[in-house]
Amino acid sequence: MDDVREQIEFDVLFVGGGPASLAGAIHLMKLAKSEGLNLEVALIEKGADIGSHALSGAILNPIALKELIPDYREAGCPIETDVRGDEFYFLTRTRRYGVPLIPKYMHNKGFHIISLSKFVSWLGRVAEDLGVNIFPGFAGKEVLYGQDDSTVIGVRTGDKGIGKDNTPKTNFEPGIDILAKVTVFGEGPRGSLFETISKKLKIFEGKMPQVFETGIKEVSQLPETNYFSDSRGNDIHTFGYPLGLNTHGGGFIYQMKDHRISLGLIVGLSYQDPILDLYEEFIRFKRHPFITELIKGGQVIEQGARTIITGGYYTVPELAVGGGLFVGSSASMLNAPALKGIHTSMKSGMLAAEAIVEAFSKGSFTKEALGYYHQLFEDSWLKKELYVGRNFFQAISKKGLVKFLHLGAQYLTGGRGIFDKMPIEEDSGTLASLKDVDSQLAAGYEKQTYDGVLFVDKLTGVYLSKTQHREDQPCHLIVQDPNLCVNECFETYRCPCTRFCPGNVYELEIDDKTQEKRLKLSPSNCLHCKTCDIKDPYGNIVWICPEGGDGPRYTVV
Ligand SMILES: Cc1cc2nc3c(=O)[nH]c(=O)nc-3n(C[C@H](O)[C@H](O)[C@H](O)COP(=O)(O)OP(=O)(O)OC[C@H]3O[C@@H](n4cnc5c(N)ncnc54)[C@H](O)[C@@H]3O)c2cc1C
């Protein structure tokens, strides 16, 4: 197939159409113009459209946007509402308690509530107007290296029209080799190309491992008279129920326009209990009396899930390799205490753009030349934000009340805390085996009832994400050893993939007669959140991009 592959050459290629890449591409075009540089820039996105795979809370701190597009309101930036005030509650099973002192990193007054999908789609149009060649529906499948086998020279996009049996069908279209002097990887959390480069070029040497949370989120239409009808705070965060204090995470509800709300639950993937089911926890959150009252009379209109990078400063990899740069969530650019990664991702993309312009002016794209990006990062407000939260994940992932001791100490010492550089364990290593865990969930979850309107089951949630995959294609979820799943993993953890996947991709089938077990996969349900690739305790599941254009088709989340 290689001899029929088309090659296209650009100066700069951005992989992924999220806030990091798009802000980077926009800033690059503007800077290049002001420097009199004529750059050919391309951006590929695996979603069918720019914004189809964008899911977030989302409260936008506009600091980076103001730098990028100072007149963003006049320029048509889609803002749902502005934050009027914050509400923060500790939830028990039946009650809520207002937290009297909301930490300052959670003060969002004046920030904007947006739909990330709409926001990113708008950034895409701005980038296109500036001359960026945007290719939605193209998944980067393989990193291309130069003769030295360590300089990135571009990306091969995935073939289309390969059947389940791995042979080309009549609709076969070979992937394209997109070559570039600089390739910027902005694939978001757990990028599949980023994973291969990080192993090959060892960009995490001496760093802590990246860690993640998974957020399940939906947008609901509420009746005209609702909780937010008066002028109270329109940005609500909760902690406590249903996760308790041993699993970190919490809920959020943000007011959008036209009586819509954005509601979600975030669960730290460092959790230990193998029986924990992310979707069940999400529904339990919605069943809390406070939340149930708040969403009364509403209807879920879109749902989805995505992972969030949370490790912070000590998990930032080397930011440059020969011919390549890493931006956004792929490079751990998220302010974890504030739960905000949009502005930090945008800024990292913009700093990368500045380093690229410098590299073009010098005509050098080596690791050292592009490493100027790291220096720009270290001198920026972005580094300061990440540095203050450098031990935050380590504190919140502690069990019980001890986390508050660490958090308090960090709050008073500018992030240093009781001791600095607290260690981090990879999420795949934190599950306790069934026999060792005192699981409150051991007996399973109470059976839920779903009305299909305000409380929807997992499969309806997948339907509401508008996820589609062409059926006749090789499975993009590689289970390397299926026997390991039904034997050792079943015995030790009862196949936790069937519970941590929010898309119902993994199901355990047990034959009534023979008791033979089989892990059944429905890859067409996959929401591209990548939780399975991260949390599988054996590293037995590998997530690779399916055909470009497949996956969720978010429009408002
Ligand atoms: C539930 C939830 C709530 C959140 N709340 C907030 C909030 O309130 N405020 C805030 O600031 N942040 C929030 N975040 C975090 C924020 O969404 C991220 O930090 C931010 O979107 C990261 O931007 P990014 O460009 O790095 O990656 P992403 O937004 O993930 O974009 C990456 C893009 O790359 C594409 N892609 C990936 N791999 C490939 C490939 N190989 N080829 C082609 N395309 C590819 C993906 O489809 C995606 O469109 C939240 C996140 C979640 C999940």
Side-chain angles (χ1 to χ4, degrees), residues 59 61 63-64 86 88 90 99-109 111 189 203-213 237 239-240 243 245-250 266 268-272 308-319 326-345 347-348 351 371 373-427 429-430:
I59 293 181
N61 173 345
I63 177 171
D86 314 294
F88 190 27
F90 172 68
V99 176
L101 277 179
I102 301 180
K104 61 175 180 293
Y105 44 73
M106 292 180 72
H107 291 186
N108 295 324
K109 195 169 174 183
F111 292 172
I203 57 176
F204 279 100
E205 222 160 57
K207 313 275 178 180
M208 293 197 190
Q210 290 190 314
V211 279
F212 303 84
E213 298 168 339
H237 288 101
F239 70 110
L243 299 173
L245 293 179
N246 291 343
T247 298
H248 77 267
I266 288 168
L269 293 184
S270 60
Y271 71 83
Q272 294 189 329
I308 308 168
I309 190 97
T310 50
Y313 183 76
Y314 290 132
T315 68
V316 173
E318 271 188 50
L319 292 175
F326 310 111
V327 296
S329 283
S330 285
S332 301
M333 299 291 173
L334 181 126
N335 177 337
L339 182 64
K340 284 188 191 61
I342 304 172
H343 68 292
T344 48
S345 291
K347 181 67 179 177
S348 73
L351 295 173
Y373 166 42
H374 206 120
Q375 190 185 323
L376 289 170
F377 164 69
E378 286 291 332
D379 295 341
S380 67
W381 57 254
L382 171 58
K383 185 263 170 113
K384 282 196 193 109
E385 268 198 36
L386 263 60
Y387 197 66
V388 170
R390 65 195 180 278
N391 291 302
F392 181 81
F393 163 79
Q394 294 87 321
I396 53 163
S397 54
K398 294 244 173 288
K399 283 173 131 189
L401 292 172
V402 71
K403 68 176 92 222
F404 297 109
L405 189 70
H406 283 286
L407 288 174
Q410 287 174 18
Y411 200 62
L412 297 173
T413 57
R416 200 196 80 87
I418 297 169
F419 62 95
D420 204 357
K421 239 181 169 179
M422 289 163 77
I424 291 181
E425 187 178 1
E426 249 177 288
D427 295 322
T430 59

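A quick note: this is a predicted structure, and the numbers were derived from the prediction, not measured. All residue numbers in this chain count up from 1 along the given sequence.
In terms of modelled atom types and a separation under 3.5 Å, the side chain of Gln394 and the main chain of Asp420 share no donor-acceptor contact. Side-chain N or O atoms of Asn108 include none that pairs as donor or acceptor with a backbone N or O of Phe111 at under 3.5 Å. Between the side chain of Glu426 and the backbone N or O of Pro209, no donor-acceptor pair lies under 3.5 Å.
Of all heavy-atom pairs between Val99 and Phe90, the closest is CG2-N, 4.2 Å. Nearest heavy-atom pair, Tyr313 versus Phe377, reported as atom, atom and distance to 0.1 Å: CE1-CE2, 4.0 Å. Closest approach of Gly341 to Ser345, counting heavy atoms only: O-OG, 2.7 Å.
The six-membered or imidazole ring of Phe88 lies near that of Phe239, with a centre-to-centre distance under 6.0 Å.
Looking at Lys340 and Tyr105, their side chains never come closer than 4.5 Å, going by heavy atoms from C-beta outward. Side-chain contact between Val388 and Pro337 is absent, with no heavy-atom pair separated by less than 4.5 Å. Within the 4.5 Å cutoff, the side chain of Lys207 has no heavy atoms near those of the Thr315 side chain. When side chains are defined from C-beta on, Met333 counts as touching Leu382, because their heavy atoms get closer than 4.5 Å. Counting heavy atoms from C-beta outward, Arg390 and Arg416 have side chains that approach closer than 4.5 Å.
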Task: Working for side-chain contact (heavy atoms from CB on, under 4.5 Å), residues Asp86 and Met106 - done: CA-CA 8 Å; Asp86 314 294; Met106 292 180 72; over 6 Å; no

- [ ] Tell me, with the steps shown, if Leu351 and Ser380 meet side-chain contact (heavy atoms from CB on, under 4.5 Å).
- [x] CA-CA 9 Å; Leu351 295 173; Ser380 67; 3.8 Å; yes

TODO: Before giving the answer on side-chain contact (heavy atoms from CB on, under 4.5 Å), spell out for Glu378 and Leu319 the whole-Å C-alpha distance, their side-chain angles and the decisive distance to 0.1 Å.
DONE: CA-CA 11 Å; Glu378 286 291 332; Leu319 292 175; over 6 Å; no

TODO: Report the C-alpha distance between His343 and Trp381 in whole Å, list the side-chain angles of each, state the deciding distance to 0.1 Å, and finish with yes or no for side-chain contact (heavy atoms from CB on, under 4.5 Å).
DONE: CA-CA 11 Å; His343 68 292; Trp381 57 254; 3.8 Å; yes

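Taken from OG1 in Thr344 to CD1 in Ile63, the straight-line distance is 10.5 Å, to the nearest 0.5 Å. Ser332 OG to Leu386 CG: the interatomic distance, rounded to the nearest 0.5 Å, is 8.0 Å. Distance check: Ser329 OG to Phe212 CZ gives 9.0 Å after rounding to the nearest 0.5 Å.
A cation-pi arrangement, defined by a distance under 6.0 Å to the six-membered ring centre and an angle within 45 degrees of its axis, is present between Lys383 and Tyr387.
For Leu334, the side chain to side chain contact (heavy atoms under 4.5 Å, CB included) criterion is met by Ile308, Ile309, Ala336, not counting sequence neighbours. Under the rule for a ring pair (Phe, Tyr, Trp, His ring centres under 6.0 Å), Tyr271 has no partner lying at least two apart in sequence or in another chain. Take Thr247 and apply the side chain to side chain donor-acceptor pair (under 3.5 Å) test, not counting sequence neighbours, and it matches no residue. Under the rule for a ring pair (Phe, Tyr, Trp, His ring centres under 6.0 Å), the partners of Phe393 that lie at least two apart in sequence or sit in another chain are His248. For Lys421, the side chain to side chain contact (heavy atoms under 4.5 Å, CB included) partners two or more places apart in sequence, or in a different chain, are Met208, Tyr314.
Screening Leu339, Leu243, Thr310 for a side chain to side chain contact (heavy atoms under 4.5 Å, CB included) with Ile266, the sole residue that qualifies is Leu339.
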Table please: side-chain donor-acceptor pairs of residues 399-412 below 3.5 Å, with sequence neighbours left out.
residue: Lys399; atom: NZ; partner: Gln272; partner atom: OE1; Å: 3.0
residue: Lys403; atom: NZ; partner: Leu245; partner atom: O; Å: 2.7
residue: Lys403; atom: NZ; partner: Ile396; partner atom: O; Å: 3.0
residue: Lys403; atom: NZ; partner: Lys398; partner atom: O; Å: 2.9
residue: Gln410; atom: NE2; partner: Asn391; partner atom: O; Å: 3.0
residue: Tyr411; atom: OH; partner: Lys104; partner atom: N; Å: 2.8

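Between the side chains of Glu425 and Thr430, no donor-acceptor pair is found at a separation under 3.5 Å.
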